[in-house]
Amino acid sequence: VQLQACGGGLAQSGGSLRLSCAASGRFFVINDMGWYRQAPGKERELVAAVSSGGNTKYSDYVVGRFTISRDNAKNTVYLQMNSLKAEDTAAYYCHANIRHVYGSTSYEADYWGQGTQVTVSS
């Protein structure tokens, strides 16, 4: 399974960017998908997540500014980032919890994308 993220870049404060992340490979079903970020010297933190049924949750730092969505037919998760602030600058990582089924065996595993840099200039 691979997660391919794209869409990062440079934006001005108050601007917008849209991230996308597509999962590929062999699997049974994708459970939660989400985005995390990590700024230099800080721990990785959850930005937003969406369940297979469309339930969402957001970090308090981005609620009202960021919107997460997913297209289950394309195995893709999106993050629309509006009203960007300098403190949103970080490497953004997509995440997926995926269930694998082989005969009578079933297990879940976490996968991460390669990270895409978002830089917001003030």
Side-chain angles (χ1 to χ4, degrees):
V1 175
Q2 289 188 326
L3 299 182
Q4 182 66 46
C6 62
L10 177 65
Q12 292 186 334
S13 180
S16 298
L17 286 173
R18 187 179 190 232
L19 307 182
S20 64
C21 176
S24 61
R26 296 186 65 181
F27 48 83
F28 182 70
V29 68
I30 302 176
N31 297 320
D32 291 355
M33 300 186 82
W35 292 93
Y36 289 70
R37 67 186 181 186
Q38 187 169 19
K42 295 187 177 181
E43 294 185 353
R44 188 173 297 189
E45 63 178 8
L46 173 69
V47 177
V50 57
S51 70
S52 57
N55 294 318
T56 59
K57 62 179 177 181
Y58 295 92
S59 161
D60 288 344
Y61 297 109
V62 308
V63 67
R65 300 188 297 121
F66 291 10
T67 302
I68 191 168
S69 62
R70 64 189 282 177
D71 184 333
N72 290 330
K74 296 181 179 180
N75 297 322
T76 299
V77 62
Y78 305 94
L79 185 68
Q80 178 66 43
M81 304 184 292
N82 298 328
S83 302
L84 284 163
K85 303 176 181 180
E87 50 264 43
D88 294 319
T89 295
Y92 283 70
Y93 298 88
C94 63
H95 165 267
N97 178 265
I98 293 177
R99 177 177 297 176
H100 298 275
V101 176
Y102 299 99
S104 60
T105 300
S106 174
Y107 68 95
E108 296 180 355
D110 291 309
Y111 297 88
W112 295 90
Q114 80 280 16
T116 183
Q117 180 67 32
V118 171
T119 302
V120 183
S121 61
S122 58

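Side-chain atoms are counted along with the backbone in the values below, which use heavy atoms only and exclude waters and symmetry mates. Note that the numbering runs from 1 along the sequence shown for the chain. All figures in this text were calculated on a predicted structure; none of them were measured in a lab.
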Requested in this report: Evaluate side chain to side chain contact (heavy atoms under 4.5 Å, CB included) for W35 paired with C21, printing each intermediate quantity in order.
Outcome: CA-CA 9 Å; W35 292 93; C21 176; 3.6 Å; yes
Query raised in the report: Can you list the steps and then say if Q117 with T89 is a side chain to side chain contact (heavy atoms under 4.5 Å, CB included)?
Result: CA-CA 8 Å; Q117 180 67 32; T89 295; 4.0 Å; yes
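Atom-to-atom distance recorded for R44:CZ and R37:CZ is 13.0 Å, nearest 0.5 angstrom. Interatomic distance, D88 CG to T119 OG1, rounded to the nearest 0.5 Å: 11.0 Å. One finds the CD1 atom of I30 at 10.5 Å from the OH atom of Y111 (value rounded to the nearest 0.5 Å). Interatomic distance, CG of N75 versus OG of S24, reported as 8.5 Å (0.5 Å rounding). E108 contributes atom CD, which lies 9.0 Å from atom CG of D32 (distance to the nearest 0.5 angstrom).
Between A39 and A90, the shortest heavy-atom contact is N-CB, 3.9 Å. Nearest heavy atoms, L79 versus A48: CD1-CB, 4.2 Å. Between L84 and A11, the shortest heavy-atom contact is CD1-CB, 3.8 Å. Heavy-atom minimum distance, V101 versus G103: CG1-O, 3.7 Å.
Hydrophobic clustering, with ILVMFWY side chains joined whenever heavy atoms are under 4.5 angstrom apart, keeps M81 apart from Y36. Under the 4.5 Å side-chain heavy-atom criterion for Ile, Leu, Val, Met, Phe, Trp and Tyr, Y61 and V120 are members of the same hydrophobic cluster. Taking hydrophobic clusters as Ile, Leu, Val, Met, Phe, Trp and Tyr residues chained together by side-chain heavy-atom distances below 4.5 Å, F28 does not share a cluster with M33. In this structure, V63 is a member of the same hydrophobic cluster as L17, with clusters built from ILVMFWY side-chain heavy atoms closer than 4.5 Å. Two different hydrophobic clusters hold Y93 and L19 under the rule that ILVMFWY side chains link at heavy-atom gaps under 4.5 Å.
Proximity of T67 to Y78: side-chain heavy atoms (C-beta onward) are nowhere separated by under 4.5 Å.
Side-chain N/O atoms of S16 and N82 include a donor and acceptor closer than 3.5 Å.
Ring to ring, H100 and Y107 are close: their centroids are under 6.0 angstrom apart.
Checked by atom type and distance alone, the side chain of R70 pairs as donor or acceptor with a backbone atom of S51 at under 3.5 Å. Within the 3.5 Å criterion, the main-chain N or O of R65 finds no donor-acceptor partner in the side chain of Y58. For the pair Q114 (side chain) and A5 (backbone), a donor-acceptor distance under 3.5 Å is present.
Using a 30° and 60° split on the angle between ring planes, W112 and H95 fall in the tilted class, from 30° to 60°.
With a 6.0 Å radius and a threshold of 12 heavy atoms from other residues, nucleotides or ligands, Q12 has its CD atom at or below the threshold.
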